[in-house]
2 protein chains.
Amino acid sequence: MAASDPPSKARERRGRPQPAARDDAEREAGAPGWKQDPDAVRRNILETARRAFVDKGLSGARIDEIAAGTATSKRMIYYYFGDKEGLYRAVLEDAYMRIRRLEQSLDLAALAPIDALRTLTGLTFDYHADNPDFVRLVMVENIHHARHLKTSQSIGALNHMAIGMLADIYARGLEDGVFRAGIEPIDLHLTISALSFYNVSNQSTIKQIFGHDMAQQDARGRRRATVIETVLRHVCVVEADRSEANG
Amino acid sequence: MAASDPPSKARERRGRPQPAARDDAEREAGAPGWKQDPDAVRRNILETARRAFVDKGLSGARIDEIAAGTATSKRMIYYYFGDKEGLYRAVLEDAYMRIRRLEQSLDLAALAPIDALRTLTGLTFDYHADNPDFVRLVMVENIHHARHLKTSQSIGALNHMAIGMLADIYARGLEDGVFRAGIEPIDLHLTISALSFYNVSNQSTIKQIFGHDMAQQDARGRRRATVIETVLRHVCVVEADRSEANG
DNA sequence: GCACGATTGTACGAAATGGTTACTTTGTCA
DNA sequence: TGACAAAGTAACCATTTCGTACAATCGTGC
């Protein structure tokens, strides 16, 4: 196997190759030297690819277009990611890693159950609205029956901890007597997710059919409040203080 | 323009061509004669194409595969639909026509506001669950930024009447004093839609990540009740009789 | 039954696309 | 300074895929 071969899994495992990459600034300046920064090249490719997959879907995205959008070349895409599916899987894994990191940074134990639920719902809503790329990637993956999620090593045993957090909040709320009994945490998660996800995923068709632009700031703000209110009303025993919903 | 040319719009408008098509039964029997049934051929193509687009997306679906799945040939696809996008648009239009027809057949004026809302929500949930193809088509269309919805003549001014019905139900509920004030019908629609849609659209990833199969009958039934309950709790002034949700 | 036009299967072509090879450029160290 | 290895590029190749030309087939009116 020559050095210029596309990296096999064995090769990748053995040790990370050290390709050189022009730093963007240096490249534009036309400076003769470049820094060796494989990670930057990887990230650059990943970001460009994400935009493409998110915009056109897996089959719709074109490797040549992605290559043209990067600071490097098609050769490097195959060098780092093997093939189109490998690139897509890397993009997907990256997206899930991010949301996982965010979840891990959350600590709602200090808040009262109702406030914790309000906060978690608001954050979930905001995350979706602020990261349409993530939403669209998940859409694409669902179109493909989550085939890549299945085969991905790193996402395989992901098991979002959102459920764990929700279960915790819910248990505390039950104990305090502010939440009603008989609700499954997964069900609660589905409700929060659905209301947050749909707002981004179906923006285009909704706008087209109803002329209602959910991306607009004020529409988004109002919708956010409604979603939080809906979730609280669903869980709370009595109509608790949900005057103004905030994160 | 020769007779074998793909039909231009002008030609289609001038008069429907009358292609012959073997009836499935006759074809399998190897009978020499066939009935001329262009509509059946059209429907057959449309149905096969829908399955393909729904399964692989717009770019992922292959014309040759679709042709192989029909009772007729690729030639006829181009004969009737011009090109791949034309075929896709026809599939999309067909899907929206169906849901529109369903909506028009609804008459909830006879029901009390709460019952009407309960019924409408249940029907919406059921329609989505029973027609995953429709849901996936809308997903695909959203991936493509509703580009084809924009350019479609027949869907252009669709303006779902679901909003109108909701507005009516809501107004009556307000009058009766059972619904609280300050809710936008469009907002209500978004909530119902989101909760119904997500359950189908994200089935694959949810199952993969949480091991929760939303297609399962009992899970679906429980979810249905939850969705109805959520909507009612959102709208009703007090916790109305929502013991067991039924359509 | 026969001619004619409508309908359909086959085989093909051109463009696009994923993937690879051969070669140049750049950094480094004796 | 010059040779060598690592990194990068552009041209290339094989295959797929959309779309079409052509001729064979079939129903229908005379």
Side-chain angles (χ1 to χ4, degrees), chain A residues 1-8 11 15-23 26-27 30-42 44-45 49 52-53 56-68 70-88, chain B residues 1-8 11 14-23 26-27 30-42 44-45 49 52 56-68 70-88:
Chain A
M1 183 191 289
S4 62
D5 279 349
S8 70
R11 184 191 170 81
R16 167 172 293 144
Q18 297 292 323
R22 281 173 215 252
D23 176 318
E26 277 181 349
R27 169 171 219 153
W34 24 266
K35 282 195 226 130
Q36 293 206 345
D37 196 347
D39 270 354
V41 175
R42 254 189 81 100
N44 177 232
I45 294 175
F53 286 132
K56 316 261 189 89
L58 172 53
S59 332
R62 299 296 165 219
I63 288 279
D64 284 293
E65 275 180 40
I66 294 173
T70 65
T72 177
S73 71
K74 186 160 75 155
R75 180 68 188 79
M76 285 298 101
I77 294 178
Y78 285 97
Y79 187 78
Y80 282 122
F81 301 100
D83 61 5
K84 195 183 183 182
E85 294 238 326
L87 178 59
Y88 172 77
Chain B
M1 182 188 291
S4 62
D5 280 350
S8 68
R11 183 190 169 82
R14 226 178 313 142
R16 167 171 294 143
Q18 296 292 323
R22 281 174 215 252
D23 176 319
E26 278 181 349
R27 168 172 220 149
W34 26 267
K35 283 194 227 130
Q36 293 204 345
D37 194 347
D39 271 353
V41 176
R42 255 189 79 99
N44 177 233
I45 294 175
K56 316 258 189 91
L58 172 53
S59 331
R62 301 293 164 222
I63 288 278
D64 285 295
E65 274 179 41
I66 294 173
T70 66
T72 177
S73 72
K74 186 161 71 157
R75 182 72 190 78
M76 284 298 99
I77 295 178
Y78 287 97
Y79 187 79
Y80 282 123
F81 301 101
D83 59 6
K84 195 183 182 182
E85 294 236 328
L87 178 58
Y88 172 77

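Chain A is the first sequence line, chain B the second, and so forth, proteins listed ahead of strands; every chain is numbered from 1.
When rounded to the nearest whole Å, the span between CD1 of B/Ile77 and P of D/dT17 equals 15 Å. Atom CD1 of A/Ile66 is separated from atom P of C/dT17 by 12 Å (rounded to the nearest Å). Atom-to-atom, CD of B/Glu85 to C1' of D/dT17 comes out at 15 Å; the value is rounded to the nearest Å. C/dA15 atom P lies 17 Å from atom CG of B/Asp83, rounded to whole Å. Atoms OH (A/Tyr78) and P (D/dT9) sit 16 Å apart, rounded to a whole Å. Between the CG atom of B/Leu58 and the P atom of D/dC18 there is a distance of 10 Å, rounded to whole Å. Note: CZ (B/Arg62) to P (C/dG18) measures 10 Å, nearest angstrom. Going from atom CE of B/Met76 over to atom P of C/dA6 covers 13 Å, rounded to whole Å.
A/Ala61 comes within contact range of the sugar-phosphate backbone alone, with a heavy-atom separation under 4.0 Å but no base atom that close.
Remark: B/Lys74 engages B/Asp64 in a salt bridge (charged side-chain N to carboxylate O under 4.0 Å, His left out) (not counting sequence neighbours). When the salt bridge (charged side-chain N to carboxylate O under 4.0 Å, His left out) test is applied to A/Asp83, no partner is found at least two apart in sequence or on another chain.
Contact check, B/Arg75 against C/dT10: no side-chain N or O comes under 4.0 Å of OP1 or OP2.
Counting only heavy atoms from C-beta outward, the side chains of A/Arg42 and A/Met76 never approach each other to under 4.5 Å. Side-chain atoms of A/Leu58 and A/Glu85, non-hydrogen and from C-beta on, do get closer than 4.5 Å to each other.
Distances were taken from every side-chain heavy atom of A/Ser73 (C-beta onward) to each of D/dT9, D/dC18, C/dG19; the shortest belongs to D/dT9. Taking only side-chain atoms of B/Lys74, from C-beta outward, the nucleotide of C/dT17, C/dT20, D/dC18 with the closest atom is D/dC18.
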